[in-house]
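First the structure, in the form of structure tokens, and then the observations on it.
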Amino acid sequence: MSKVRPFILALSAGAVVTAVAHAQPPVTKITELKPAGLPSAVVALVKGTVPDITITEAQKKEREGRIYFDVEGTTPKGEIELDVMQTGEGAYSVVEIQRDIAWADAPAEVRAAAAKAEKKVEPVRVIESKQTDGSVIYELFAAGVPKDPSLEIMVKNGQVSVLKEVWPH
């Protein structure tokens with residue numbers, strides 16, 4: 001939801017009107033990093049979370065006074081990405097773990113929910129995104145639409161639901 005700021009606009013006829021100015025979306029500063037450029041505490045957290053990871057790429061993202069690190073790597077099971085947020089001076093927390101999976105490897109209840117969804121999607125890419133609250137989001141990408149998921153399904157506390165809005169990543 002965009003933030004709005006009211007302001008007063010004086011018209012030449014002397015009338016006063018309240019208008020709304022839409023705030024600009026937050027700016028994200030992105031810095032590409034080599035794995036060796038990551039803070040050692042981030043590396044320790046990532047390797048403690050996914051012990052068999054080989055870190056291949058990283059980015060530092062600064063937005064609205066917060067610092068995040070996107071850490072990509074490989075494991076014997078394939079590629080994986082961890083989103084790490086700085087929570088204090090030298091303190092970090094994993095906020096999301098993502099990996100690509102085959103659609104056939106998605107849980108049966110997720111595939112069933114997709115089949116019953118109002119919007120039909122035959123996914124050519126599926127991202128499994130584990131959240132810190134224990135939920136898992138399955139992002140389904142349709143052919144020809146590589147940037148944004150065409151359908152997202154959440155599994156939380158054993159309940160499966162098709163999301164009406166894009167999950168805030």
Side-chain angles (χ1 to χ4, degrees), residues 1 25-26 28-64 66-87 92-169:
M1 177 181 286
T28 302
K29 178 183 174 189
I30 300 174
T31 305
E32 298 292 331
L33 299 173
K34 295 200 180 300
L38 284 168
S40 59
V42 171
V43 173
L45 176 62
V46 167
K47 289 188 174 278
T49 304
V50 183
D52 56 355
I53 191 170
T54 299
I55 299 172
T56 57
E57 296 180 44
Q59 290 181 328
K60 178 181 181 181
K61 294 182 177 179
E62 300 173 69
R63 179 177 59 240
E64 297 182 316
R66 293 185 305 268
I67 297 175
Y68 300 89
F69 292 90
D70 288 350
V71 181
E72 295 182 33
T74 58
T75 71
K77 293 182 180 180
E79 294 182 7
I80 192 165
E81 179 182 328
L82 289 85
D83 294 343
V84 177
M85 182 175 70
Q86 184 172 2
T87 57
Y92 303 91
S93 177
V94 174
V95 294
E96 183 177 35
I97 301 172
Q98 296 181 321
R99 68 185 181 115
D100 279 58
I101 65 169
W103 182 228
D105 293 338
E109 61 269 20
V110 170
R111 293 191 316 270
K116 293 177 187 174
E118 187 175 313
K119 183 176 185 179
K120 301 299 180 206
V121 175
E122 185 62 40
V124 295
R125 180 180 184 206
V126 178
I127 296 176
E128 177 186 74
S129 179
K130 295 181 180 181
Q131 308 295 307
T132 55
D133 66 358
S135 64
V136 180
I137 309 294
Y138 292 87
E139 302 173 28
L140 283 56
F141 293 81
V145 190
K147 286 188 170 195
D148 297 312
S150 295
L151 187 67
E152 292 184 317
I153 300 171
M154 175 189 281
V155 179
K156 185 173 184 178
N157 300 325
Q159 300 296 312
V160 178
S161 56
V162 175
L163 299 180
K164 304 284 185 216
E165 296 180 7
V166 174
W167 186 253
H169 301 284

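- Looking only at side-chain heavy atoms (C-beta outward), V136 and V110 stay at 4.5 Å or farther from each other.
- Side-chain contact between F141 and I127: present, with at least one pair of heavy atoms (C-beta onward) separated by less than 4.5 Å.
- If you take CD1 on I55 and CG on L33, they are separated by 11.0 Å, rounding to the nearest 0.5 Å.
- Smallest separation of non-hydrogen atoms from S150 and K119: O-NZ, 3.2 Å.
- Smallest separation of non-hydrogen atoms from L140 and W103: CD2-CH2, 3.6 Å.
- Nearest approach of V43 to P35, heavy atoms of both residues: CG2-O, 4.5 Å.
- Enclosure of atom NZ in K130 is not indicated, since only 12 or fewer non-hydrogen atoms of other residues, nucleotides or ligands lie within 6.0 angstrom.
- Rounded to the nearest 0.5 Å, atoms CD (Q98) and CD1 (I80) are 9.5 Å apart.
- Residue pairs meeting the salt bridge (Lys or Arg N to Asp or Glu O under 4.0 Å) criterion with at least one member in residues 100-115, sequence neighbours excluded, are D100-R125.
- A distance of 8.5 Å separates CD in E79 from CD in E57, rounded to the nearest 0.5 Å.
- In this structure, a donor-acceptor pair under 3.5 Å is present between the side chains of E96 and Q131.
- Every residue was checked against the salt bridge (charged side-chain N to carboxylate O under 4.0 Å, His left out) condition with K120, not counting sequence neighbours, and none meets it.
- From T74, atom OG1 reaches atom CZ of R99 across 14.0 Å, with rounding to the nearest 0.5 Å.
- To the nearest 0.5 Å, atom OG of residue S129 and atom CD1 of residue I101 are 11.0 Å apart.
- The minimum heavy-atom distance between V162 and A113, with the atom names listed, is CG2-O, 3.8 Å.
- To the nearest 0.5 Å, atoms CD1 (I97) and CD (E128) are separated by 10.0 Å.
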